[in-house]
Amino acid sequence: MRIAVVGGGPGGLYLAALAKQLGPDHEVVVWERNAPDDTFGFGVVFSDETLGGIEHADPVVRAQMEREFARWDDIDVHYGGEVVTCGGHGFAAMGRKRLLQILQQRCRDLGVDLRFRTEAPDVEVLRREHDLVVAADGVNSAVRARYADVFGPTVTAGGCKYMWLGTDKVFEAFTFDIRETPHGVVQLHGYPYDEHGSTFIVEMAEDVWRRAGLDGCPDLPPGRSDERSVAAVREMFADVLEGHEVLANNSKWISFPTVSTENWCHGNVVLLGDAAHTAHFSIGSGTKLAMEDALSLVACLHECPDIPSALAAYEQERRPVVLSTQRAAVASQAWFENLGQYLHQHPLQFAFNIMTRSRRVTYDNLRLRDPAFIARVDEWFAASQPGDGDVRPPMFQPFRLGELELANRVVVSPMDMYVATDGLPGEFHLVHLGGKAMGGAGLVMTEMVCVSPEGRITPGCTGLWTDEQAAGWARVCDFVHSTTSAKIGAQLGHSGPKGSTRLMWEGMDEPLAEGNWPLVAASARPYRDGVNQVPRELDRAGMDAIVAEFVAATERADRAGFDLVELHCAHGYLLSSFLSPVTNRRTDAYGGDVEGRLRFPLEVFRAMRAALAPHKPMTVRISATDWVEGGTSPEDVLAIARAFEAAGAAAIDVSTGQVTPDETPAFGRSYQTPFADAIRNGVGIPTIAVGVISSADDVNTIVLAGRADLCALGRVHLYDPNWTLHAAVEQDYDGPGVVWPDPWRAGRRKPQTGRSDGPPPRLELIRTATTRSDGHRRWRPRRPELSQS
């Protein structure tokens, strides 16, 4: 096989060495336009998982790398005048230049043809003359650009500016230094890569960068560093450097480019490493991903019968891994771009927040890595809450929502059931909601209860437009209050343009086959053109009638005994159709800018608030993004939250989307939590996080990091109505915040399976300890699966 490799970075070199090792008869040529000793950047970081793959594929390279590694376990967070240390992370790093030297020598030893200071021939020539062309030519890949119509690249620039530097100071831990300057917040990412030096990355938001006057440097020729900025950085972090040098290597201010591609293969051309994908430096190393790509590609070439099937297998194997890494990297990058919203946090909470920013490292994960760190954060959190100060899992700390006391932070999310007749809640609702309340959640929410027959989504929706319906709900509330410690809330809404549709299992959002009722909305725009009926645009008389319906439903909810009322302003329903610029095309006072779009939802909320007993809180559910271009903006969301807070909302229930069928949500674990986070920490109002929060670990992490105050979980409560009680058992917790119904208390221990002569052994983290020069204990875990990356 003839293999052409374009690009002599770590990914390309490693691919060439592995291919030659597995097929000594292969002809492998690497073209690299730079000199062998040219490299940009300083250190590269590897996970234990990656190193395990390298050792299995090429023990020679792995042994040479091992001799070079700087290893450490701690992360130090310098923030608010304190240093918070978290151990047990198991990093391994080495100098990028030394890694290149090792890989170059391995290629030479195996007979790879290395051509430095040489531009690769035209890729069309390479395709004709070689069986395989590997494009490992980096983030600015010329090969990717040549076939952009096939590869479908997207390059998204980050909102921060950063400069990659080095220093001859050897850090003893991965160091985050977050500091406020007269220009704004600046952060340092530093870590050792050998016994002589450390990587030293300085990052700041672009507006901070401009205010600091660092944008005034003229364009520099290739290879030249921005010496004026290097001097500014040296002065800015003089206390950290302690007299050590700042080292530059083609160091300039840049915005991190996140590269993604629709396809990685085109005929016999394949992308590898940064040419195919990038992941922000705060979550891991591009070198790590590139070398993992090389491992996978060569394995597929070795195992598959031909090149087309090998390339298909490579992309199928690696793409999910890369996408997962990119999701974590995007979350981490966004955290740093918005870290200014966390400057009010206590140093311990801030440190926990930064550790868990990517959603890959969690509360449970950190408890394994460094139990003492989690114990400190738990103690601080317990002391900061309105309860008795007892340390317990964060999800079981009490919370006060207005004047309403909740036993814990778990909410059973509103879930439409579609089983009502004429809006009447029946036996199903009593069992469904009563069972969820017995399951231990602090707050149980009804499905969207409609304020009129015309406000229903489907004929199976519940309502509160009659006293008979209110009596049915009173029966549910009475059961919850007499049998459980849970509180119960009613979510009130009007379907607007998404009404008069079939039951979910008969065709979601599909119009009824017969018996449709007229719809209303902010504008005469159907949810789906040609499918859903065109709603009537509400006039003033129609708005007044809608307000009266919401008020009457609120009064019935109050009399029925609900502890809380939530106004549904999300998911494309009536009030959401006013809030979103996608669905609100009005030209009167109820359209236009966010203030105009807010006007009618606020009228409804204020009227409801006046009708509800003063001691009962009201919340509002909103869609914080429409997931389409031109939809609700981040600035709009904060304005909406502030307006509802000023009108008396006790919390914002933060969902997203479902406003337009054209949406493209970034779906994933806890994917909506960042929006609750932005509102909570940007506005200061309590928030309820929703969206693929599926474990107690997720809830503990979100609450302890201060991203939301409550977590609403839906599907997990359908799977396990006693989810909260079982979460307590799984955490060996049976204290305040967990209330087992008396008849169930015998079941509060985890059932034993199989024969046992005693309690099951507890999972222990095997650790060894040394002492750092600064007096901190440094712990080395021996659990490779817990590596940071």
Side-chain angles (χ1 to χ4, degrees), residues 10-11 15 45-50 52-53 134-136 138-139 141 143-144 147-148 150-159 256-266 269-300 310-337 356-362 365 625 627-629 656-657 663-675 691-695 698 701 785 787-789:
L15 179 285
V45 182
F46 293 95
S47 69
D48 291 329
E49 181 183 11
T50 304
V134 180
V139 66
S141 171
V143 176
R144 186 186 68 222
Y147 304 117
V150 176
F151 292 128
T154 300
V155 183
T156 305
F256 187 86
T258 297
V259 175
S260 59
T261 46
E262 295 177 7
N263 301 292
W264 294 2
C265 308
H266 173 43
V269 180
V270 60
L271 302 179
L272 184 143
D274 284 355
H277 50 73
T278 61
H280 192 256
F281 58 83
S282 64
I283 191 60
S285 168
T287 300
K288 165 190 174 301
L289 286 175
M291 292 181 71
E292 289 176 351
D293 283 356
L295 280 166
S296 174
L297 178 54
V298 171
C300 292
L311 298 187
Y314 159 68
E315 184 166 354
Q316 183 178 18
E317 177 181 289
R318 282 296 292 165
R319 183 178 285 277
V321 177
V322 168
L323 289 176
S324 175
T325 302
Q326 285 188 312
R327 283 194 295 270
V330 167
S332 178
Q333 179 179 354
W335 193 94
F336 281 106
E337 290 179 351
T356 59
R357 67 193 180 277
S358 72
R359 303 177 213 157
R360 280 192 164 186
V361 177
T362 63
N365 190 264
T625 179
W627 298 114
V628 293
E629 186 175 352
T656 65
E663 67 179 8
T664 54
F667 189 80
R669 179 169 138 257
S670 303
Y671 73 111
Q672 296 178 134
T673 299
F675 300 96
V692 199
I693 301 169
S694 55
S695 70
D698 287 340
T701 303
E785 70 272 23
S787 64
Q788 173 72 13
S789 299

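Positions are given from 1, in the same order as the sequence printed here.
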Identify the heavy atoms of Ala329 and Ala279 that sit nearest to each other, and give their distance.
CB-CB, 3.7 Å
Does the pair Arg357 and Ser332 meet the rule for a side chain to side chain donor-acceptor pair (under 3.5 Å), with working shown?
CA-CA 5 Å; Arg357 67 193 180 277; Ser332 178; 2.8 Å; yes
Rounded to the nearest 0.5 Å, how far apart are SG of Cys300 and CD of Glu317?
4.5 Å
Residue pair Ser324 / Arg360, side-chain heavy-atom distance below 4.5 Å
yes
Checking the side chain of Glu663 only, and the main-chain atoms of Gly657 only, is there a donor and an acceptor separated by less than 3.5 Å?
no
Any donor-acceptor N/O pair, Thr356 side chain to Thr701 backbone, under 3.5 Å
no
Could you check whether any side-chain heavy atom of Phe151 comes within less than 4.5 Å of a side-chain heavy atom of Trp264, counting everything from C-beta outward?
no
Using side-chain contact (heavy atoms from CB on, under 4.5 Å) as the criterion, point out the one residue from Val692, Thr362, Asp698 that pairs with Ser670.
Asp698
Do the side chains of Met291 and Phe46 get nearer than 4.5 Å, heavy atoms only?
yes
To the closest 0.5 Å, what do you measure between OH (Tyr147) and CG (Leu271)?
11.0 Å
Search all heavy atoms of Ala290 against all heavy atoms of Leu272 and return the closest pair with its distance.
O-CD2, 3.8 Å
Non-hydrogen side-chain atoms of Thr673 and Ile693 separated by less than 4.5 Å:
yes
Taking every non-hydrogen atom, the tightest pair across Gly286 and Asp274
CA-OD1, 4.2 Å
Atom CG of Leu297 and atom CG of Leu311: how far apart are they, to the nearest 0.5 Å?
6.5 Å
Tell me the closest heavy-atom pair linking Tyr671 and Pro674, and the distance in Å.
O-CD, 3.5 Å
Main-chain N/O of Pro257 paired to Thr278 side chain as donor or acceptor, under 3.5 Å
yes
Would you check if there is a donor-acceptor pair between the side chains of Ser695 and Arg669 at a distance under 3.5 Å?
no
Side chains of Val330 and Trp335: does their closest heavy-atom pair fall under 4.5 Å?
no
Can you measure from CZ (Arg327) to CZ (Arg359) and round to the nearest 0.5 angstrom?
9.5 Å
Check for a donor-acceptor pair, side chain of Asn263 on one end and backbone N or O of Val150 on the other, with a separation under 3.5 Å.
yes
Reported OG1-to-NZ distance for the pair Thr325 and Lys288, which is rounded to 0.5 angstrom:
5.5 Å
Determine, using ring centers only, whether Trp627 and Phe675 are less than 6.0 Å apart.
yes
Looking at side-chain heavy atoms only, is the closest gap between Arg318 and Leu289 below 4.5 Å?
yes
Which atom names give the shortest non-hydrogen contact between Thr261 and Ala275, and what distance separates them?
CG2-O, 4.3 Å
Over all atoms of both residues, closest heavy-atom pair of Glu262 and Glu315:
O-OE2, 4.0 Å
Within the 4.5 Å heavy-atom criterion, are Val259 and Arg144 side-chain neighbours or not?
yes
Any side-chain heavy atom of Thr156 sitting closer than 4.5 Å to one from Thr154?
yes
